[in-house]
Novice: 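Below you will find the structure I want to go over with you.
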Protein chains: 2
Amino acid sequence: MASGQGSAAVMERRLAAAEGQCIRAGVQLTELRRQVLALVLQAEQPLGAYALLDRLKEQRPGAAPPTVYRALDFLLEQGLIHKVERLNAFVGCVGAGHDHHAGHQHAHQFLICGQCGQTTEISDPAVTRALAEAAARSGFQAGHAVVEVEGRCAACAA
Amino acid sequence: MASGQGSAAVMERRLAAAEGQCIRAGVQLTELRRQVLALVLQAEQPLGAYALLDRLKEQRPGAAPPTVYRALDFLLEQGLIHKVERLNAFVGCVGAGHDHHAGHQHAHQFLICGQCGQTTEISDPAVTRALAEAAARSGFQAGHAVVEVEGRCAACAA
DNA sequence: CCTGTTCGGGTTATATAGTAACAGAACCCT
DNA sequence: AGGGTTCTGTTACTATATAACCCGAACAGG
């Protein structure tokens, strides 16, 4: 078993899916963007921009903060990754590559384990609906919602 | 009508409530902490730590980043203010001073207007419940939840 | 009284996160 | 060739947050 969110083969599949999604959207998954996406995907936990930068430098010695931030901005726009606001860190979007939410941010929630750092993405319709209703009740036109629960994951609780 | 979340009289009442809450909790609302709390409460919008620091310096010329961060940490612990993660900024807790959630963080959600910056705190039981259930379904022991919806407030939508 | 301990705060320096602004390369289009 | 657009390199900078150390006030125990 390889590291992180999946084996090398799984990661290749996710990269290929991202590739396809970008082609359909008419945007370019360049070498740099692909490298950064790969770094995010192979991490076990959310990685900060500077952690990514350090790793990126191994492949691309001249890399600087704008290098990685520009790639991250692109990947966020395409919905290929998410930002965990609470951690100032980035994770791969679990559903990326599926057409039903390709190319744009979908409603999602994070469960962040304070002990091991594992961050799980879920997409719970009841939460999404409750939030939309609560916003509407305040006359608020809801856009993107950041929902991040801190606590203890099943493994650490045991 | 004075500025911000309420008139000077309203603010005095909120400061007095905070004072009482701290006494009951056996902690000290010192002059510094009271000054920082007052600055947060009198702002119309969430204020960043360095914006607060600038204002604090008018009363306390020697103030430095740790000065304001330490006060903010205290106020957060006491549940007197909240941090808006999305904005790296702080707002007064609307319910502070009421015993039912004094001295600890309570479940709440923010509605952040992308146009005018108005940030409204709500505490919707349906959202809280849906989130707790979704977490439990993943075997996750939920702690504090960050819930921040970006969109357009009623005033700006009109 | 003095002595250790705790707490709040001052001070300096540094770490971490994110952006502005401009230059050059590669590509496409006519 | 000329002129746009997109992507990346590069330098410098701004913004956000914390570490580490010191000092004085308040207080408890002997």
Side-chain angles (χ1 to χ4, degrees), chain A residues 18-19 22-23 25-40 43 45-78 80-91 117 146 148, chain B residues 18-19 22-23 25-40 43 45-78 80-91 117 146 148:
Chain A
E19 188 83 59
C22 286
I23 289 170
V27 296
Q28 303 176 49
L29 185 63
T30 62
E31 181 59 18
L32 169 64
R33 291 165 178 174
R34 188 185 168 90
Q35 285 174 340
V36 172
L37 177 56
L39 289 173
V40 171
Q45 298 180 2
L47 281 187
Y50 282 73
L52 287 166
L53 177 55
D54 285 343
R55 303 184 186 199
L56 183 62
K57 278 180 181 166
E58 294 170 11
Q59 301 164 281
R60 199 174 271 259
T67 312
V68 74
Y69 277 106
R70 285 194 284 232
L72 289 171
D73 286 346
F74 170 86
L75 297 170
L76 285 169
E77 270 167 24
Q78 300 308 315
L80 294 169
I81 63 172
H82 296 305
K83 178 172 184 183
V84 186
E85 296 289 338
R86 190 63 180 262
L87 306 175
N88 294 321
F90 303 85
V91 289
V146 172
E148 303 175 357
Chain B
E19 188 83 58
C22 286
I23 289 170
V27 296
Q28 303 176 48
L29 185 64
T30 61
E31 180 59 16
L32 169 63
R33 291 163 177 176
R34 188 185 169 92
Q35 285 173 340
V36 173
L37 177 57
L39 288 172
V40 171
Q45 297 179 2
L47 281 187
Y50 282 73
L52 287 165
L53 177 55
D54 286 342
R55 303 185 186 197
L56 183 62
K57 278 179 180 165
E58 294 170 9
Q59 303 164 281
R60 198 176 273 256
T67 313
V68 75
Y69 277 105
R70 285 195 282 233
L72 289 171
D73 285 345
F74 171 86
L75 297 170
L76 285 169
E77 270 166 25
Q78 300 309 314
L80 295 169
I81 64 173
H82 295 304
K83 180 172 185 184
V84 186
E85 295 290 337
R86 191 64 180 260
L87 306 176
N88 294 321
F90 303 85
V91 290
V146 172
E148 303 175 356

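Note that the structure is a prediction, hence the values are computed from the model and not measured. Each chain gets a letter, A, B and so on, in the order the sequences are listed, and its residues count up from 1.
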Novice: Between F74(A) (CZ) and dT5(D) (C1'), how many Å, whole number?
Specialist: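 To the nearest whole Å, that distance equals 15 Å.
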Novice: DNA chain D: L87(B) or P66(B), which has the more 5' nearest nucleotide?
Specialist: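 Nearer the 5' end of the strand: L87(B).
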Novice: Is any side-chain heavy atom of V40(A) closer than 4.5 Å to one of L52(A)?
Specialist: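 In contact.
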Novice: Looking at dA17(D), I'd like to know if its phosphate oxygens (OP1 or OP2) sit under 4.0 Å from a side-chain N or O belonging to K83(B).
Specialist: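 Answer yes for this pair, as a side-chain N or O of K83(B) is under 4.0 Å from OP1 or OP2.
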Novice: Can you tell me the distance, in whole Å, between the CD atom of E31(B) and the P atom of dA25(D)?
Specialist: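 Value for this atom pair: 17 Å.
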Novice: Using a cut-off of less than 4.0 Å, is there contact between a side-chain N or O of N88(B) and OP1 or OP2 of dA17(D)?
Specialist: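 Checking N88(B) against dA17(D): at least one side-chain N or O falls below 4.0 Å of OP1 or OP2.
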Novice: Would you mind reporting whether E85(B) and V146(A) have side-chain heavy atoms less than 4.5 Å apart?
Specialist: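 No - every pair of side-chain heavy atoms lies 4.5 Å or more apart.
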Novice: In whole Å, what is the span from the CD atom of E85(B) to the C1' atom of dA17(D)?
Specialist: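 Value for this atom pair: 12 Å.
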Novice: Report yes if a side-chain nitrogen or oxygen of R33(B) is closer than 4.0 Å to either non-bridging phosphate oxygen (OP1 or OP2) of dG9(C); otherwise report no.
Specialist: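 Checking dG9(C) against R33(B), a side-chain N or O does come within under 4.0 Å of OP1 or OP2.
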Novice: Using whole Å, report how far CG of L32(A) lies from C1' of dA26(C).
Specialist: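 About 15 Å, once rounded to whole Å.
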Novice: May I have the distance from L75(B) (atom CG) to dG8(C) (atom P), rounded to whole angstrom?
Specialist: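 Taking CG of L75(B) and P of dG8(C), I get 12 Å after rounding.
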Novice: Specify the separation, in whole Å, of atom CG of L76(B) and atom P of dT18(D).
Specialist: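 Answer to the nearest Å: 11 Å.
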Novice: For dG9(C), does either OP1 or OP2 sit under 4.0 Å from a side-chain N or O belonging to R60(B)?
Specialist: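 For dG9(C), neither OP1 nor OP2 has a side-chain N or O of R60(B) closer than 4.0 Å.
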Novice: Give a yes or no on whether a donor-acceptor pair under 3.5 Å exists between the nucleobase atoms of dA17(D), that is its base, and the side chain of Y50(B).
Specialist: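 Such a pair exists between side chain and base.
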Novice: Between Y69(A) (OH) and dT10(D) (P), how many Å, whole number?
Specialist: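 Y69(A) atom OH is separated from dT10(D) atom P by 19 Å.
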Novice: Rounded off to whole Å, could you give me the CG-to-P distance for the L53(A) and dA17(C) pair?
Specialist: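 To the nearest whole Å, that distance equals 11 Å.
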Novice: Could you tell me the separation between the CZ atom of F74(B) and the OG1 atom of T30(B), rounded to the nearest 0.5 Å?
Specialist: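 One gets 7.0 Å once the value is rounded to the nearest 0.5 Å.
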Novice: Any side-chain N or O of Q28(A) below 4.0 angstrom from OP1/OP2 of dT6(D)?
Specialist: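 Answer is no, no contact under 4.0 Å.
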Novice: Checking all strands, does R70(B) fall into the base, sugar-phosphate, or nothing category for heavy-atom contacts under 4.0 angstrom?
Specialist: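 Result for R70(B) = base.
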Novice: Within the pair T30(A) and dT6(D), is there a side-chain N or O less than 4.0 Å away from OP1 or OP2?
Specialist: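 For T30(A), the contact criterion (side-chain N or O under 4.0 Å from OP1 or OP2 of dT6(D)) is not met.
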